[in-house]
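Here is the structure we will look at, set down as structure tokens.
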2 protein chains.
Amino acid sequence: MEKKEHKDCMSLLVPVRDTLDVIGGKWKLLILISVWEGNKYFREIERSIPKLSTKVLAKELKDLEANKLIRRTIIDDYPVRIEYTITEHGKTLQTVIETLRDWGLTHRKEIFGK
Amino acid sequence: MEKKEHKDCMSLLVPVRDTLDVIGGKWKLLILISVWEGNKYFREIERSIPKLSTKVLAKELKDLEANKLIRRTIIDDYPVRIEYTITEHGKTLQTVIETLRDWGLTHRKEIFGK
DNA sequence: TTTATTGATTACCTTTTGGTAACTGATTAC
DNA sequence: GTAATCAGTTACCAAAAGGTAATCAATAAA
């Protein structure tokens, strides 16, 4: 009976993975924060983030919208405009971002001098 | 003078990115938690995580060790054994993991029924 | 009328990440 | 002697992520 008991780490890791999938990747948080800061239009967001291409931006905006972190609104004016804004759900990421930043700073101290 | 002022989001995002680089990827957290739970030996860790290959495990263990989240100890016995253990620094990830889990659960409620 | 801007899409290519399977040398069990 | 276990390494592939450049229709400005 040398069977190793190990805790149910899946009920922990599945939601962790969900979060990482939503905010992971090279651009997602940059784009989210750009919108959060008030950049509303596609080109405006694009210009606010150096090196970001239209293709990647279009794809990432779709992902962020699908996850309800940002809202895509069609303003039926002449000409039609499309506005991106942060949602209340998007704003709940604040704690997460702060936690990641705090640990990142701790980690730097641990890895480089302290 | 229509220059857009935007906050210094880099001092926020650089440490955030550091954290995501350290714990991101498909296997890092699974391996970390396996070691955390007490799996000490290479094959033991490998067997504790289904579908994980030796190549990926070897690479991820190196990364985790380089980031001082786990410790690789050579036990100079006959035969030599190699033990992986979690470090104190590794344990500081607990808050981060819990925050990610909590937001992941909130997010699921937001996306699917609530 | 030509040019520029809007919010994208498409085809193509490169880089990164992850996966498969064979193999290593050292040791131990049968 | 043969087979298995230890901690990995190596070569080769496949998939995913990301990047480049051209193009689109609609509208507006020169």
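Below, chains carry the letters A, B, ... as their sequence lines are ordered, and counting in each starts from 1.
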Of the listed nucleotides [options], the one nearest the side chain of [X]:
X     : options               : answer
B:R47 : D:dC6, C:dA8, C:dG18  : D:dC6
A:E60 : C:dG18, D:dG8, D:dG18 : D:dG18
A:S53 : C:dG18, D:dT20, C:dA8 : D:dT20

Touch class at under 4.0 angstrom, heavy-atom based, for A:K51 against every strand present: nothing
Close side-chain approach of B:R72 and B:I82, heavy atoms under 4.5 Å: yes
Pairwise 5' ranking along DNA chain D for A:P79 and A:L52, keeping only the more 5' one: A:L52
Separation of C:dT28 P from B:D77 CG (nearest whole Å): 10 Å
Would you please confirm or rule out a distance under 4.0 Å between OP1 or OP2 of [N] and any side-chain N or O of [X]?
X     : N      : value
B:K62 : D:dT9  : yes
B:K26 : C:dG19 : yes
A:R81 : C:dT5  : no
A:W27 : D:dG19 : yes
A:Y84 : C:dA8  : yes
B:K55 : C:dT17 : no
A:Y41 : C:dA8  : no
B:R72 : D:dG8  : yes

Aromatic plane relationship, A:F42 with A:Y84 - under 30° parallel, 30 to 60° tilted, over 60° perpendicular: tilted
Donor-acceptor contact below 3.5 Å, side chain B:N67 vs main chain B:V22: no
Salt bridge A:E60-A:K28, side-chain N to carboxylate O under 4.0 Å: yes
